[in-house]
Amino acid sequence: MTVVDSVHPPLDWPAYGSTALRHPNRAPLVIPPTRTEATGPVLGERDLGPLDADLTRQHAGEPLGERIVVHGRVLDADGRPLSGTLVEVWQANAGGRYHHDLDRHPAPLDPNFSGAGRCLTDADGGFRFITVKPGAYPWKNHHNAWRPAHIHFSVVGRAFTQRLVTQMYFPGDPLFGQDPIFNSVRDPAVRERMICAFDLDATVPEWALAYRYDVVLSRTPFEEAQ
Ligand SMILES: [Fe+2]
């Protein structure tokens with residue numbers, strides 16, 4: 001099994017119905033990067049606010065739910081830290097509802113929770129978010145389909161063309177077995193990499209539990225296939 005089909009989910013995955021409409025039907029075209037892609041500006045420190053990484057302090061009051069710390073490091077394939085990397089997260093609230101017009105799940109919206117955050121990694125590649133643990137939510141992929149609790153991640157590398165979008169899951173979720181998105185990563189050992197680790201050392205006593213999630217940016221599936 002190559003890296004392409006053991007690590008990355010197939011673009012067309014029948015168990016996840018929407019991929020039938022979204023996956024490309026033609027082979028990708030090779031468009032050599034120009035200086036614009038390689039040297040164009042990416043988001044800088046001046047564009048981020050001090051509360052962008054604290055999803056519990058973006059409104060007048062605190063959101064409901066279990067407050068947690070989510071932290072980790074962004075590394076390259078050789079284990080070197082990637083500093084200045086834009087890490088963005090988005091998630092449902094503690095009741096399992098997104099602050100989004102298209103979310104019709106009859107769970108309460110939380111006026112104190114937008115569910116989006118971002119930060120730049122520090123010199124050691126580290127990032128740290130304060131948020132609340134997201135709830136599971138139903139979706140219409142199949143009968144009685146529920147997404148395991150998860151936080152969406154986007155990591156932008158040295159240029160906007162270098163972007164990883166993935167999801168972080170929580171240990172021991174009983175919904176893993178019936179979730180086609182989680183299981184679209186077919187190698188069980190690789191799937192485990194999407195599950196964060198409870199991190200007692202990073203827990204803040206009397207205040208919040210903590211989870212660790214390291215992200216390794218490697219070559220793209222397309223590059224692996226060359
Ligand atoms: Fe989601």
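Hydrogens, waters and symmetry mates play no part in the numbers below; they use all other heavy atoms, side chains included. Order of listing sets the numbers, starting from 1, for every ligand and every atom in it. This is a predicted model, so every value here is computed, not measured.
- For the pairing with Ser114, the side chain to side chain donor-acceptor pair (under 3.5 Å) check across His100, His59, Gln91 returns one residue only, His59.
- For Arg73 and Asp214, the salt-bridge test fails: no basic side-chain N is under 4.0 Å from an acidic carboxylate O.
- Inclusion of Gln167 in the first shell of the Fe ion (ligand 1) is not supported: no N, O or S atom falls under 2.8 Å.
- Between the side chain of Asp103 and the backbone N or O of Arg97 there is no donor-acceptor pair closer than 3.5 Å.
- Distances from the Fe ion (ligand 1) to the N/O/S atoms of His152 are shortest for NE2.
- Nearest approach of Arg104 to Asp101, heavy atoms of both residues: NH2-O, 3.0 Å.
- Angle NE2(His150) to the Fe ion (ligand 1) to OH(Tyr137): 90° [nearest 10 degrees].
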